[in-house]
Every structure is written in C-alpha cells, then in structure tokens.
Student: 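For reference, the structure I am asking about is given below.
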Amino acid sequence: MSETAGGQPGAGILAFRADRQAVPMIVCGSVLLVLCAVLGLLDDRSAGMGGAISGSVMCIVIGVWRRASTYVTFDSDCFETKLAPVSGWHTVLYSEVTRVDVAGKMLTVDYRPHNAPAGAKPTRIRIRLSPLREANRQRCIDAFRARLPAAAFAAAEEGRR
C-alpha cells in the first residue's frame, strides 16, 4: 500500500511534509501585507515600507512552499530529502548509509556513496524533525528504522557509550 503522511495515495512511496508552521507563516505574512497596504493608503510617506512588504511576501512564499512540497520521501531503495527551498534534493540509497543518530528533534544520517573511495569520509545530512507535525515525527523515525540497515543505528548507539 502506498501512502503519504497526509494520507493521499502516492506512487509506492511514503512521504512527509514539513507543514507544521506553514499556516501560521501564511497568515502572519498576509496580515503584515494587508497592514502595509492600509498604512500605504493612509500615509503618503510610506516609501520605507519595502522591507516590510518583502518580508511579508517571503513569509507567504515559504509557508506555501512548506505546505506544497515534500520534506522526506521514502522509496523502495532510497530516501530523498529537500531541506530548504533553494537547496537540491539529497538522494541516498539505503545501502550507502553507515550511521544514523537521533538526538531530540534532529536526525543525522552519515552515508558513503558506492562510487566513493573506501577511505573517503562519509557525507552527513542533518534532518530537523521539528518542522514535521508531532504525529508524523515518530512515524518518520520508524520509517528510517524499518528501511535502513540495523548496523547503522547500532553504530550510533555504540558512539554514545
């Protein structure tokens, strides 16, 4: 059964959206934008309000992006994550993962691509779990545990001792 964290059918994947703070960002940006428009109509000297207008538009754009885009996606052989609007997708094969550490609301994944030299330093991805809705945080961690090698989690446990 394919599903997404929002309960919508997907193409054989499990996906999570970072939409916990999306609606408040859209509302705050909209209120600030309306406030700037009202003040601009009431005062002719409102030329210095460009920063407030830009900030409100950015809040709206980021809020809409968070609601619309996927934060972490699990496929049959890899997971993908997009940590910021302007960053690219990080696609990692499950077999490339060497270590996974969960500390509070941060999940750290170390991986070494198959085409990297044997002695190469692993690449590290830090995935903040705080943008996920509280009900989906543990589901996301459980999805990592179910798909990644058990040795990756064991390596993190050994490192803490």
Side-chain angles (χ1 to χ4, degrees), residues 1-30 32 51 54-161:
M1 179 172 125
S2 59
E3 66 177 301
T4 63
Q8 304 163 350
I13 57 176
L14 178 64
F16 294 92
R17 299 183 188 283
D19 62 352
R20 184 175 69 88
Q21 299 163 337
V23 173
M25 287 186 79
I26 294 169
V27 169
C28 287
S30 300
L32 185 59
S54 299
S56 63
V57 169
M58 286 302 297
C59 280
I60 294 169
V61 168
I62 291 172
V64 169
W65 176 81
R66 282 186 172 183
R67 273 189 71 95
S69 66
T70 305
Y71 190 59
V72 179
T73 304
F74 295 94
D75 209 342
S76 59
D77 61 343
C78 66
F79 74 90
E80 297 179 318
T81 183
K82 186 170 179 83
L83 303 175
V86 293
S87 71
W89 282 94
H90 293 280
T91 303
V92 180
L93 294 172
Y94 298 136
S95 58
E96 294 176 337
V97 175
T98 57
R99 184 174 184 269
V100 178
D101 186 28
V102 179
K105 294 181 182 177
M106 180 72 72
L107 187 131
T108 305
V109 178
D110 291 345
Y111 71 96
R112 184 177 297 116
H114 291 305
N115 60 354
K121 182 179 175 183
T123 304
R124 177 169 285 173
I125 298 175
R126 289 186 174 92
I127 301 171
R128 291 183 316 121
L129 299 174
S130 58
L132 297 175
R133 291 182 188 265
E134 196 153 337
N136 288 333
R137 283 187 204 138
Q138 191 58 46
R139 285 184 63 209
C140 184
I141 293 170
D142 291 343
F144 273 105
R145 285 191 189 279
R147 289 165 174 81
L148 296 177
F153 283 95
E157 294 297 324
E158 288 292 322
R160 280 194 209 143
R161 292 181 191 163

Student: How long is the span from the CG atom in Asn136 to the CG atom in Asp142, to the nearest 0.5 Å?
Tutor: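 One gets 11.0 Å once the value is rounded to the nearest 0.5 Å.
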Student: Could you tell me which non-hydrogen atom of Leu148 sits nearest to which non-hydrogen atom of Tyr94, and how far apart they are?
Tutor: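 Looking at all heavy atoms of both residues, the shortest contact is CD2-CD2, 3.4 Å.
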Student: Closest heavy-atom contact between Pro122 and Asp110?
Tutor: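 Closest approach of Pro122 to Asp110: CB-CB, 4.1 Å.
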Student: Measure the shortest side-chain to side-chain distance between His90 and Thr123 over non-hydrogen atoms and say whether it is less than 4.5 angstrom.
Tutor: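 They are not in side-chain contact.
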Student: Drop me the distance from Ser76's OG to Arg147's CZ, to the nearest 0.5 angstrom.
Tutor: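 Ser76 OG to Arg147 CZ: 9.5 Å, rounded to 0.5 Å.
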Student: Any side-chain heavy-atom pair from Arg17 and Arg133 closer than 4.5 angstrom?
Tutor: no
Student: Taking all atoms of both residues into account, what is the closest heavy-atom pair of Met25 and Ile62, and its distance?
Tutor: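 Residues Met25 and Ile62, closest heavy atoms: CE-CG2, 3.5 Å.
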Student: Just verifying a value: how many Å separate Arg139 CZ and Ile141 CD1, rounded to the nearest 0.5 Å?
Tutor: 12.5 Å
Student: Among residues two or more places apart or on two chains, list those pairs meeting ring-ring contact (aromatic ring centres under 6.0 Å, His included) that have a residue in residues 99-148.
Tutor: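 Pairs touching residues 99-148 that pass the test: Phe74-Phe144, Phe79-Phe144.
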Student: Please round to the nearest 0.5 Å and tell me the distance separating atom OG of Ser95 and atom CG of Asp77.
Tutor: 8.0 Å
Student: Which atom pair, heavy atoms only, marks the closest approach of Glu80 to Thr91?
Tutor: OE2-OG1, 3.2 Å
Student: Determine the minimum heavy-atom distance between Ser56 and Gly29, stating which atoms define it.
Tutor: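 Taking Ser56 first and Gly29 second, the nearest heavy atoms are CB-O, 3.2 Å.
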Student: As an exercise, state the distance from CD of Glu134 to CG of Leu129, rounded to the nearest 0.5 Å.
Tutor: 11.5 Å
Student: Quick check: does any side chain N or O of Arg126 sit under 3.5 Å from a backbone N or O of Met106, one acting as donor and the other as acceptor?
Tutor: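 No, Arg126 side chain to Met106 backbone: no donor-acceptor pair under 3.5 Å.
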Student: For the side-chain contact (heavy atoms from CB on, under 4.5 Å) test, which of Leu107, Thr108, Val92 pairs with Ile125?
Tutor: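 That would be Val92.
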Student: Between Leu32 and Cys28, is any pair of side-chain heavy atoms under 4.5 Å apart?
Tutor: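 A side-chain contact under 4.5 Å is absent here.
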Student: For residues Tyr71 and Arg128, report the shortest heavy-atom separation together with the two atoms involved.
Tutor: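 So the minimum-distance heavy-atom pair works out to OH-O, 2.8 Å.
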